[in-house]
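Input: a single structure, listed below in structure tokens.
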Amino acid sequence: MADKKAQANAEQYQQQAEQAAKQQAADEQAHAEAEQTVSDEGQPETQKQTAAAADSELERIAELELALSKAEAKANEQKESVLRIQAEMENVRRRASQDVEKAHKFALEKFANELLTSVDNLERAMQAAEGSETVDQSFLEGIELTYKSLTSTLEKFGVKPVGQEGEVFNPDQHQAMSMQESPEHDNNTIIAVMQKGYMLNERLLRPAMVMVARNGNTNKVDTDA
């Protein structure tokens, strides 16, 4: 009797164990199906998020490229502006340098013209004294020394005489006061100087007043030069 009861209890325990195992298997399958469902449902959302992130990154890259392009254009514009300013400054410096150079060269122009009157007077005084027997020799030597000192000072500052006998007439430096037939001289040759001309650093202060030879074989010199 006891054996039957133990056997019945064993069978009951076995049935309960089988039911528990079946229940556990069912629960595990349900859990797995639930996880698969959640995974299947979440995957499209993840793909959407990834695609959205990629689109956002592309937009950001496009914005950065546009900003870079604008920055490069602005830099090129500023570079061209700087180059223009540098060119303008160089032109200003060059013009200023030329103006200063001209000022240095020709600042004495008016003053030199005033001194030329004294030079002319000394030359006339020497010419008059040379033809006179009553002039004191020491007085004449004083005039000559004064004349040499004055002309030497003028030459030191770039003032040089132009117009000498034997030179070819140059209308840019000489003024023909008269013309004279002279078979002994070539045509258009200076045969006499009434008044010397002077240059200041290659600029004409005043033309030389001269007499020009004419031998009839060539055309007349333009005396209005």
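Owing to the predicted nature of the structure, the values given are computational and were not obtained by experimental measurement. Quick note: residue numbers are just sequence positions, from 1.
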query: Would you say Leu154 and Leu205 are hydrophobically clustered, going by side-chain heavy atoms of ILVMFWY under 4.5 Å?
result: yes
- line: OG (Ser178) and CD1 (Ile191) are apart, to the nearest 0.5 Å, by 7.0 Å
- prompt: Mind checking what makes salt bridge (charged side-chain N to carboxylate O under 4.0 Å, His left out) contact with Asp186, not counting sequence neighbours?
  reply: none
- prompt: Do other residues, nucleotides or ligands put more than 12 heavy atoms under 6.0 Å from Gln164 CD?
  reply: no
message: Check for me, please, whether Tyr147 and Phe111 land in the same ILVMFWY cluster - side-chain distances under 4.5 Å, paths through other members count.
response: yes
query: Below 4.0 angstrom, N of the basic side chain to O of the carboxylate: do Glu57 and Arg60 qualify?
result: no
- prompt: Which heavy atom in Val210 sits nearest to a heavy atom in Val193, and how many Å separate them?
  reply: CG1-CG2, 4.2 Å
field: Contact check, side chains of Val119 and Thr151, non-hydrogen atoms, under 4.5 Å
entry: yes
field: For the student: nearest non-hydrogen atoms of Ile143 and Met126, plus distance
entry: CG2-CG, 3.5 Å
- prompt: Given the rule that I, L, V, M, F, W and Y join up when any side-chain heavy atoms are under 4.5 Å apart, are Leu122 and Phe139 in one cluster?
  reply: yes
task: Please report the closest heavy-atom contact between Pro161 and Lys196, naming both atoms and the distance.
output: CB-CD, 4.3 Å
field: Heavy-atom donor-acceptor pair, Thr146 side chain to Gly142 backbone, under 3.5 Å
entry: yes
query: Under the side chain to side chain contact (heavy atoms under 4.5 Å, CB included) criterion, do Leu140 and Gln137 qualify, and how do the steps go?
result: CA-CA 5 Å; Leu140 178 58; Gln137 189 64 29; 4.2 Å; yes
statement: Separation between CE (Met194) and CD (Gln175), nearest 0.5 Å, reads 10.5 Å
- prompt: Of all heavy-atom pairs between Ala208 and Gly163, which one has the smallest distance, and what is that distance?
  reply: CB-CA, 3.9 Å
- prompt: Once you round to the nearest 0.5 Å, how far does CG of Leu204 lie from CE of Met199?
  reply: 5.5 Å
Minimum-distance pair of heavy atoms, taken over all atoms of Val159 and Ala112: CG2-CB, 4.0 Å
- prompt: Does Asn91 reach the side chain of Arg94, with side-chain heavy atoms less than 4.5 Å apart?
  reply: yes
message: Measuring from atom CG of Asn113 to atom CZ of Arg206, what distance do you get when rounded to the nearest 0.5 angstrom?
response: 8.0 Å
message: Let me confirm one number: the CE-CE distance from Met209 to Met211, rounded to the nearest 0.5 Å.
response: 13.5 Å
Hey, can you pull the donor-acceptor pairs under 3.5 Å for the side chains in residues 70-84, sequence neighbours left out?
residue : atom : partner : partner atom : Å
Asn76   : ND2  : Glu72   : O            : 3.2

task: Can you see which heavy atom on Leu200 is nearest to which on Phe157, and at what distance?
output: CD1-O, 3.6 Å
- request: Would you check if Glu65 and Leu68 make a side-chain contact, meaning some heavy-atom pair closer than 4.5 Å?
  value: no
Min side-chain heavy-atom separation Asn187-Arg214 under 4.5 Å: yes
message: With heavy-atom distances below 4.5 Å as the criterion, would you say the side chains of Gln86 and Glu90 are in contact?
response: no
